[in-house]
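Each remark here refers to the structure printed beneath this line.
Both counts, for ligands and for their atoms, begin at 1 and track the order of listing. Keep in mind the model is a prediction, meaning the values are calculated, not measured.
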Amino acid sequence: MANLSLRDATKTFDDDGDEIIAVDELNLEIEDGEFLVLVGPSGCGKSTTLRMVAGLETPTSGSINIGDEPIHHQTPQERDIAMVFQSYALYPHMTVYENMAFGLEESSDLSDEETEEQVNTAAEMLGITDLLGRKPGELSGGQQQRVALGRAIVRDPKVFLLDEPLANLDAKLRAEMRTELQQLQEDLGTTTIYVTHDQTEAMTMSDRIAILDGGMLQQVGTPMECYHEPANLFVAGFIGEPSMNFFDVTRADDVLVGDGFEYPLSEEMSASIDGTTELVLGIRPENVGIVERSSGPTVFPGVVDVIEPHGNENAVHLRFAESSTDETFTSTVDGMRHLTGGQQVGVSFPEDAVYLFDTATGDALRHRVVEDIEEVQEIGTR
Ligand code: ATP
C-alpha cells in the first residue's frame, strides 16, 4: 500500500526579509495506485510541493506520510520515491543502460544479473531496448524522455513524481507520450503525482486533478468534476480550452443585468444565489448557441466579430449588439458552419449551462452537475 498524504503541508521561503508562501497548508490524499495531476499557473507552488514529497525541500510545517509513516524527516534516499524531471537529468557520459542501472545500484543490493534483468524489462516496456548502448547525446528528445522514465521504473518505487516530463517535446510527440505514460502508469499501478501547467494534460491523463493557485489548493476532483462543477472562478477559468466566458452582472429583481443583455432569473437560479447581487455569469464556449435573431428570453442580439477556423470546429468571437464596449466572448461551433464577420445573429445562453459566481468571493453559487450530464449522454446514445 502506498497512499500518500500531505497534511497542512506548508513551505515558506525567505526573500531578503520578505516571506514567500510557496505552499500554504496543503491537504491532499492520494490513493494507492492513483494518478493525480497537480496543475496551476507558473509560480503556484507545484514544483515546491513535489520537491517536498521527494525530500528535496523540508516543509516549514505540516506533515507528509506514506501510509501511516511520516516521511518528511527522511532523506530523499530513504524515501521509496522516484522523480522524473523536465530536464531528464541523464548522465551524458553514461550509456542508456548505465543511466538506468545506476540508480538501481545506488539504492539496492541487487546482483548484476538481477539489475540487468530489471533494466531489460523496463527497456522493453518503453521500447528502448535497441538504444541501451547509446549515450544520451545520441538520442532524440522523446527517446531521452523514455530513458528518464526507465530510470525511475527500474527502481520499482512506491511513488512516482513527474515534474512536467513532456514539456520539452513537440506537440505531436507530447500527445503520443500522454497516452503512453497513462497506460504505463496503469500497468505498473504505482501511485503517481504528475505536475503540469497544461490543463489538457491534466484533463486527459489524471484519475483526479488538484488545482493550485497562489500556493493554495482550489479544488481536487475528477476531470469531469473540475470541468463541470468548478468550485470557484479560478478553476472555472483555468480548466477548459477555450476558457469559460465570464460576464459581470447585477441582480435587479428577477433579472441579471449585464452589459448588452438581461438574463431572466428562474426560481431555481434565484434560490441558488440567495441574496447576492453582484455576480459573474459564466458559460462555456460550446454551450453558447448561435441562432436566428431574437427567439426567446435567453437569446440576445449579437454580432459576429472574428472567426478562428480549427478544422473540425470554429471558435467564433462575438459581441453583444447592445454592449457599450468592444469586448468579445467565444462560441465554438461545427467547422462546416458558415458565418461571416459583421453578421447579425442571436446568441443563446441555455439556462442549464449557466454558471453563477459570487463576485466578492469568487465562489461558485450555481454550476452544472456531472450526474445530470452523464444521464443526458446516456439517453442520447440509446
Ligand atoms: P512553474 O510552473 O513556473 O515551475 P511552480 O508552480 O512549480 O511554477 P514553484 O516553483 O513551486 O512554482 O514556486 C512557488 C513560489 O515559490 C514562487 O513564487 C517561487 O518564486 C517561490 N520559490 C520557489 N523556490 C524558491 C526558493 N528556493 N527561494 C525563494 N523563493 C522560491
Practice prompt. Just grab all the ring-ring contact (aromatic ring centres under 6.0 Å, His included) pairs involving residues 3-58, residues at least two apart or on different chains.
Written response: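 ring-ring contact (aromatic ring centres under 6.0 Å, His included) check on residues 3-58 returns F35-Y194.
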
Determine whether the aromatic ring centres of residues F329 and F261 are separated by less than 6.0 angstrom.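 So the answer is no for these two rings.
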
Notebook entry, point to check: F247 and F320: aromatic ring centres closer than 6.0 Å?
Noted result: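 F247 vs F320: aromatic centres under 6.0 Å.
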
### Query
Salt bridge or not for R366 and E351, using N-O below 4.0 Å?
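Looking at R366 and E351, the cut-off is met.
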
Open item on the list: Only heavy atoms of P41, strictly under 4.0 Å: list the atoms of ligand 1 that pass.
Closed with: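 Counting atoms of ligand 1 from 1, those under 4.0 Å from P41 are 6 (O).
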
Relative to ligand 1, is H197 under 4.0 angstrom through side chain, backbone, both or neither, heavy atoms considered?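 No part of H197 comes within reach of ligand 1.
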
* Asked: Does G40 come within less than 4.0 Å of ligand 1, judged by its heavy atoms?
  ->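 The answer is no, since G40 has no heavy atom less than 4.0 Å from ligand 1.
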
Tell me which protein heavy atom sits closest to [atom], plus the residue, atom name and distance to 0.1 Å.
| atom | value |
| --- | --- |
| atom 31 (C) of ligand 1 | F13 CD1, 3.3 Å |
| atom 2 (O) of ligand 1 | K46 NZ, 2.9 Å |
| atom 5 (P) of ligand 1 | G43 N, 3.5 Å |
| atom 3 (O) of ligand 1 | S42 OG, 2.6 Å |
| atom 13 (O) of ligand 1 | T48 OG1, 3.7 Å |

- prompt: Between E180 and R146, is a salt bridge (charged side-chain N to carboxylate O under 4.0 Å, His left out) present by the stated rule, with each step listed?
  reply: CA-CA 10 Å; E180 224 175 89; R146 285 196 174 80; 2.9 Å; yes

query = Are R284 and Y227 in a cation-pi setup, meaning NZ or CZ lies under 6.0 angstrom from the ring centre and within 45 degrees of the ring axis?
reply =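 So R284 does make the cation-pi contact.
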
Original post:
E229: what forms a side chain to side chain contact (heavy atoms under 4.5 Å, CB included) with it, not counting sequence neighbours?
Top reply: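 For E229, the residues satisfying side chain to side chain contact (heavy atoms under 4.5 Å, CB included) (neighbours in sequence not counted) are E225, H367, V369, V370.
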
Quiz item: Would you say atom 20 (O) of ligand 1 touches the protein, meaning some protein heavy atom is under 4.0 Å from it?
Solution: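 Under 4.0 Å from atom 20 (O) of ligand 1, zero protein heavy atoms found.
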
Item checked: 4.0 Å protein heavy-atom contact status of atom 26 (C) of ligand 1, strictly under ->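 Looking at atom 26 (C) of ligand 1, one finds that a protein heavy atom does lie closer than 4.0 Å.
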
If we only count N/O pairs under 3.5 Å, is [X] in contact with ligand 1?
| X | value |
| --- | --- |
| S47 | yes |
| A22 | no |
| T49 | no |

- Please confirm whether the backbone N or O of V316 pairs with a side-chain atom of N314, one donor and one acceptor, at under 3.5 Å?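 The answer is no, because no donor-acceptor pair under 3.5 Å joins these two groups.
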
